[in-house]
Amino acid sequence: MTEKSIIQVKNLSKRYDNNNQILEGIDLEIFESTFTVIMGPSGAGKSTLLQNISTMDQPTSGQVVFEAQDLTKLSDKALSRFRRKEIGFIFQSFNLIEHLSVLENVCLPGFLLKSKSKKQVIQRAKDLLTGLGLGDHANQAINHLSGGQKQRVAIARSLINQPKILFADEPTGALDSTSGIEVLDNLTLNNQNGQTIVMVTHDLKAALRADRILFIKDGQIYGDRIFTPYDASQLKARRSEVEAWLLEMGW
Ligand SMILES: Nc1ncnc2c1ncn2[C@@H]1O[C@H](COP(=O)(O)OP(=O)(O)OP(=O)(O)O)[C@@H](O)[C@H]1O
Ligand SMILES: [Mg+2]
């Protein structure tokens, strides 16, 4: 595991307009090429934390520093370019554009960023789709795909601009167990190739992929534990280890 810091969260607090304090004084550092999982009870603030780290939402106070740049100080325009270039997202509900084809969905963020030619973007999209087992589906309509296939399209889309960091909020939450494992296998493979990932999940199977688990409770990081990188041949031992720790956390 490399120790290069990619994101530093400093004293981050989030309060919504209705005045409820959701996150309080969060300090957190994410390292390059790691796979961090965020767990915790429903309503604990996991999605809020992910949205605030990933620039989808603005913290009430505190800083999010990405490679020495304070993201909370960027203008809306700079922030939206930053987001498009450096950040990938995957959501539980896929968030694909139904009236575009698979290939068009994957290419869209690449066309919007405009740092590569259309031809280069299309080639990268095709390569990503092939790697995700969707090479034969490039021209298909989104609504003809299964949930697992849709989520793999969403992974391809999230990776089109080679983001430094990939955020996922319950990416297997809407999938059956087999499709969920396919999606997790793809995320694991990307992580093994160096992709930094931060994923929120309720699912123990998904959590096993992490090399670090943060447990969020009462607006704070209640637990922060490092695990060895995922190894499919050690699944049983890992499951016991992760489960025991989560139960200790009150999961
Ligand atoms: N836009 C919003 N405005 C006001 N309150 C919000 C908003 N979004 C979330 N909350 C509140 O913040 C708290 C944390 O929500 P969040 O979605 O981060 O929880 P979570 O840990 O992701 O839960 P789950 O596991 O159910 O997805 C909840 O009490 C929620 O009602
Ligand atoms: Mg959530």
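Both ligands and their constituent atoms are indexed starting at 1 by order of listing.
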Exercise. Considering all protein heavy atoms, does one lie under 4.0 Å from atom 6 (C) of ligand 1?
Worked result: yes
For this session: Could you walk me through whether Arg239 and Leu204 pass side chain to side chain contact (heavy atoms under 4.5 Å, CB included), step by step?
Result: CA-CA 8 Å; Arg239 197 185 176 90; Leu204 180 62; 3.8 Å; yes
Seminar exercise, completed: Nearest heavy-atom approach of Phe91 to Gln151 is O-NE2, 2.9 Å
Seminar exercise, completed: Nearest non-hydrogen protein atom to atom 27 (O) of ligand 1, with distance, is Glu170 OE2, 3.6 Å
Seminar exercise, completed: Among non-hydrogen protein atoms, atom 10 (N) of ligand 1 lies closest to Tyr16 CE1, 3.3 Å
Exercise. What pair of heavy atoms forms the shortest contact from Met199 to Pro171, and how long is it?
Worked result: SD-CG, 3.6 Å
For this session: Consider only side-chain N and O atoms of Lys46 and Gln51, and report whether a donor and an acceptor are under 3.5 Å apart.
Result: no
For this session: Compute whether any side-chain donor of one residue and acceptor of the other, for Arg212 and Thr36, lie under 3.5 angstrom apart.
Result: no
For this session: State, without any angle test, whether Asp211 and Thr34 hold a side-chain donor-acceptor pair at a distance under 3.5 Å.
Result: no
Problem set entry | Sequence-distant partners of Asp127, side-chain contact (heavy atoms from CB on, under 4.5 Å), two or more places apart | Gln123
Exercise. Looking at side-chain heavy atoms only, is the closest gap between Ile155 and Val183 below 4.5 Å?
Worked result: yes
Exercise. Hey, are Asp176 and Ser179 close enough side-chain-wise for a donor-acceptor pair under 3.5 Å?
Worked result: yes
For this session: Please determine, by modelled atom types, if Tyr16 and Thr60 share a side-chain donor-acceptor pair under 3.5 angstrom.
Result: no
Exercise. Does Ile22 approach ligand 1 within less than 4.0 angstrom via side chain, backbone, both or neither, non-hydrogen atoms only?
Worked result: side chain
Exercise. Can you tell me the protein heavy atom closest to atom 14 (C) of ligand 1 and the distance?
Worked result: Gly43 O, 3.3 Å
Exercise. So between Thr201, Leu49, Thr48, Val200, whose heavy atom ends up nearest atom 18 (O) of ligand 1?
Worked result: Thr48
Problem set entry | Shell of protein N/O/S atoms around the Mg ion (ligand 2), taken as anything under 2.8 Å | Ser47 OG
Problem set entry | Which residue and heavy atom of the protein sit nearest atom 17 (O) of ligand 1, plus the separation | Ser47 CB, 3.8 Å
Problem set entry | Nearest-contact summary for atom 24 (P) of ligand 1 - protein heavy atom, Å | Ser42 OG, 3.6 Å
Problem set entry | Sub-4.0 Å heavy-atom contact, Gln51 with ligand 1 | no
Problem set entry | Nearest option to atom 19 (O) of ligand 1, as decided by whichever heavy atom of Gly40, Pro41, Gly45 sits closest | Gly45
Problem set entry | Polar side chain donor-acceptor pair, Thr188 to Arg209, under 3.5 angstrom | yes
